[in-house]
Amino acid sequence: MAEQMSGAEMVIRALKDQNVEYIFGYPGGAVLPIYDVLFQQEDIKHILVRHEQGATHMAEGYARSSGKVGVVLVTSGPGATNAVTGLTDALLDSIPLVCISGQVPTPLIGTDAFQECDTVGITRNCTKHNYLVKKIEDLPRILHEAFYIASSGRPGPVVVDIPKDVQFAIGEYMKPANLSDHQSYKPHLDGDLGAIEESVNLMLKAKKPIFYTGGGIINSGPEASKNLRELAKLTGFPVTSTLMGLGAFPASNSQWLGMLGMHGTYEANMAMHECDLMICLGARFDDRITGRLDRFSPNSTKIHVDIDPSSIGKTVHIDLPIIGDCNRVISEMIRIWREKTDKSRISEIADWFKQIEKWREVKSLRFENSDKIIKPQYAIQRLAEATKDKDTYITTEVGQHQMWAAQYFPFEKPNHFMTSGGLGTMGYGLPAAIGVQIAHPDALVIDIAGEASVQMTCQEFSTAVQFRLPVKIFILNNEYMGMVRQWQQLLHGSRYSQSYSESLPDFVQLAQAMGGKGIRCENPNELDDAIKEMLAYDGPVLFDCRVSREENCLPMIPSGKAHNEMILPETKNIENVIDEKGRTLV
Amino acid sequence: MNAHLQPSGSAYFITKPTAKPERHTLSVLVDNEPGILARIAGLFSARGFNIDSLTVSETEHEKGLSRITVVTVARPKILAQIKLQLERLVPVHKVHDLTEEGEPLERELALVKVAGTGENRVEALRIADAFRAQVVDASTSSFVFEITGKPNKIEQFINLMMPLGLVEVVRTGLVAISRGAAPM
C-alpha cells in the first residue's frame, strides 16, 4: 500500500528517491512546512544562501560540474522572482535544475495575497517546463516528472510551484516510475543511422574538415568527451569548440585550435571560414560564434548533430541534420568509420594542417607583457601554471575576464569550466564556484572574476565561509566594466559612459569582514607568491588582482563582420573598424 | 556569397530574406491543462511569430486533450521553426501543418448583427438567404445572423452587410481538419 504523508514530506521523500544530496535555498512563509520536514531529517543537506539568485547559480555550478540535477528551494513572491535570472541562465545554457517554490494557499491565489506572484506565469518562458500543483494527488507524479524533464533530452530548468495548503495536505506517495513512455514528451536520443553513415562518407571525402563542438558534448556526459577524443584521433581532423564546450577536447592536443567565435583564436575562426566540411557536435550556431551570417563559412557542407530539433537550421542552413544525443551519435560515427577504414585521414588533409599552421603563426593571443603592471592575460597564465597539477575547476563571471579565462586557461577535462554563456549573467561565477565546491569538496575551485561582476553576488562569499568551502575568487580588477568599456571604445568614440567604478570596496577588508581571507597584488613580480598564498589558504579567499586598466580583449570578430575579418592584437585604429550597421548589433 | 543562407531571426542576419511569407494552418494536439494556451501564445510572442487566428477547445475529454488551430503567416524557414518550437513544449503531443499536408477543410463561424428597417432590412434577409446564414435573433429593427463557412465567404457576407446597417460582428476564428480517412 502506498504510504500516506503530507505534501511537504513528499517533497523531501521525492528528493531522496531522486538521490538528491544537497539543495540550495532560502526559507520563507510559503515553504515553512517543507523546511520543517527538512529540519527533521539528515539525508538531504541544505545550503543556506544569501539571495535566491545565488541559490540558482550554485545549483547550476553543482549540476554542470557533477552531471546531476541541481535543486533549488525558494519561497513564494520575491523568493521566486529572485530565482528568475538563474532559471533563465540555466535555460539558455541547458543546465538541469529543479526549482521548488512555495506558493500562497490555493484559496488565496489570484487575490494579490502577501508574497503572492504568478510564479508559473513569470517562469513559463524561462523554464523548460513548469507546474503549479493544485492537488496533493498530483504532487508525487509532478515531482518525479520534473526531475525526468530537467535531466533528459536537452536539459533545462523546471519549476514546481507548491501552494502552502498542498504542502500540509495528506496524500499517497508514489515512488519514481519509468517515465520514458511519457505521452507527449519524448526526447530523441538515437540519431538516424543512414544520416550518420552519410556523415562518415562526407568525412572520408573531406579535404578541409573541422569539428565544431559545444556544450552538448558536456551535457551528454563524460563518455561523450571520451568518444569525441577517439573520433578526433581516428579521423585526424582539427577540433574547435564554443565557450560552453571547453574541456571536452584537451587544450594540449595538437589537433586543438582553441575556442572559436567573437573572441576565439584566429586559426579556429579562419578554419571555420575556409573549411569544406563542418561537423557541428552539440553546438547551436549562436551569434557569438557565427558572426556575420551571410558570410559564414561560405564553402562548407554542414553536418549538425543536436538533441534539440529546433536548434538545427535555426540560423544556418544545414546540409545533413542528425537529431540525437551527442554521445550516441559519435559512438555510431566511430563504429561506422572503423567498418569502412582503419586509417586516419592525416596524410590526405596534410595541406589543410599546413594552412592551419600558417594561421597559428599569426599568434592571435599574444599580448605585450609588462614588468610594472599586471596584465590580465598574464595573471591567468600564472594562475594556470600554479594550478596545473591540481584537479582545478574554473568558474567565471561575465565580461573580459571570462573571455581571457577561456583563451588563456587550458582546459583538459569536461565539466571543469562553468560559465554563463547564453545569458551572460554577471554574478554567476562566485555562487557557481560554491556549487562546484559542494559537488567536489576536495577539488580546487577558482572563480576568475571581474571586480564589477563579482559585486553582483558577493554576499554569497559569506555562504562559502559558513559552509567552510575554500573557493578562491580571483578578481581581475581593472576598475572598469571592461567589456562595456571596450565596446564604448570600439563603437562610441571612447566615451566611457558609466563604465568606470568610481567607488570600489576594499576587497581585502570585504573578505575579512565576512570571515574569509583577502589578498591584494599589484606587482607582476609578486604575483606568483600571492597566488601561492591564495592556494595555500584552507578557506575562501577574495584575491584582488590589480591589472592594467584599459586592456582590450582580443582577437575579436567585430559585430557585423565575418570570421575572416578579425581584429588582431596589431590592428591599428580599432575605433574605426565597425561600420554603422555593425554598431546596431549586440 | 551564401545564397542558400536564409536569415531567419537574429540581429546577425544582414541579408534580406528572399522567400515570401505564406499563410499556414497548424493543428496542435495538447494536454488540456491550465496555462497551455498561455504557453502557446507566449511562445509566439516571445519569438516574434505571427498569430492570425487561434482557436482552442477540448476535443477528447477522456484523454484530456485539446486541439489548437493556429493560423500563422511566415516565411518557410520561420514556419519550420514555429513547428519545431511548438513540438518542444512538454504538453504538446503533435503538430500538423495542415496546409502543407494538402488542402484542409477550413471553417469559421460568425454572428453578425444588422440593424435597420425598410428596404435595407429586406435586402439583408435576401442576402442572408443566399449565403445560407440563419437568423438566430430578430427584433423589429434588427437581425442577428449566424453564418458558417470559409473565412472569405464570411468576409464577403460582412462586406455586403456593411451598407445595410451592420453594427457588430463576432467570429470564432478558424478551425480546420485534414481530408480523407486518416486522423491527425
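Chain letters run A, B, ... following the sequence lines, proteins first and then strands; every chain starts at 1.
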Atom pair CZ/CG of Phe49(B) and Leu43(B) - distance to nearest 0.5 Å: 6.5 Å
Gly110(A) backbone acceptor or donor facing Glu116(A) side chain under 3.5 Å: yes
Positions in residues 83-110 of chain B that reach chain A, provided some heavy atom is under 4.5 Å away: Leu84(B), Gln85(B), Arg88(B), Val90(B), Pro91(B), Val92(B), His93(B)
Distance-only side-chain donor-acceptor flag, Thr301(A) / Asp319(A), under 3.5 Å: no
From CD1 (Ile154(B)) to CD (Gln156(B)), nearest 0.5 Å: 11.0 Å
Val104(A) and Ile109(A): CA distance, side-chain angles, deciding distance, side chain to side chain contact (heavy atoms under 4.5 Å, CB included) verdict: CA-CA 6 Å; Val104(A) 301; Ile109(A) 289 179; 3.9 Å; yes
Full working for side chain to side chain contact (heavy atoms under 4.5 Å, CB included) between Arg171(B) and Ile158(B): CA-CA 11 Å; Arg171(B) 298 169 70 155; Ile158(B) 291 167; 4.0 Å; yes
Tyr148(A) and Tyr185(A) aromatic centres sub-6.0 Å: yes
Gap between atom CD1 of Ile40(B) and atom OG of Ser45(B) - 0.5 Å precision: 12.0 Å
Residues 126-136 of chain A: residues contacting chain B (heavy atom under 4.5 Å, by number): Lys128(A), His129(A), Asn130(A)
Worked check of side chain to side chain contact (heavy atoms under 4.5 Å, CB included) between Met566(A) and Met270(A): CA-CA 9 Å; Met566(A) 291 196 84; Met270(A) 287 305 287; over 6 Å; no
Salt bridge present between Arg295(A) and Glu565(A) (N-O < 4.0 angstrom): yes
Residues from residues 150-162 of chain A approaching chain B under 4.5 Å (heavy atoms): Arg154(A)
Distance (rounded to the nearest 0.5 Å) between Ile36(B) CD1 and Ile68(B) CD1: 5.5 Å
Met278(A) vs Phe296(A), side chain to side chain contact (heavy atoms under 4.5 Å, CB included): CA-CA, chis, key distance, verdict: CA-CA 11 Å; Met278(A) 182 186 296; Phe296(A) 173 71; 3.7 Å; yes
For His24(B), ring pair (Phe, Tyr, Trp, His ring centres under 6.0 Å) partners two or more places apart: none
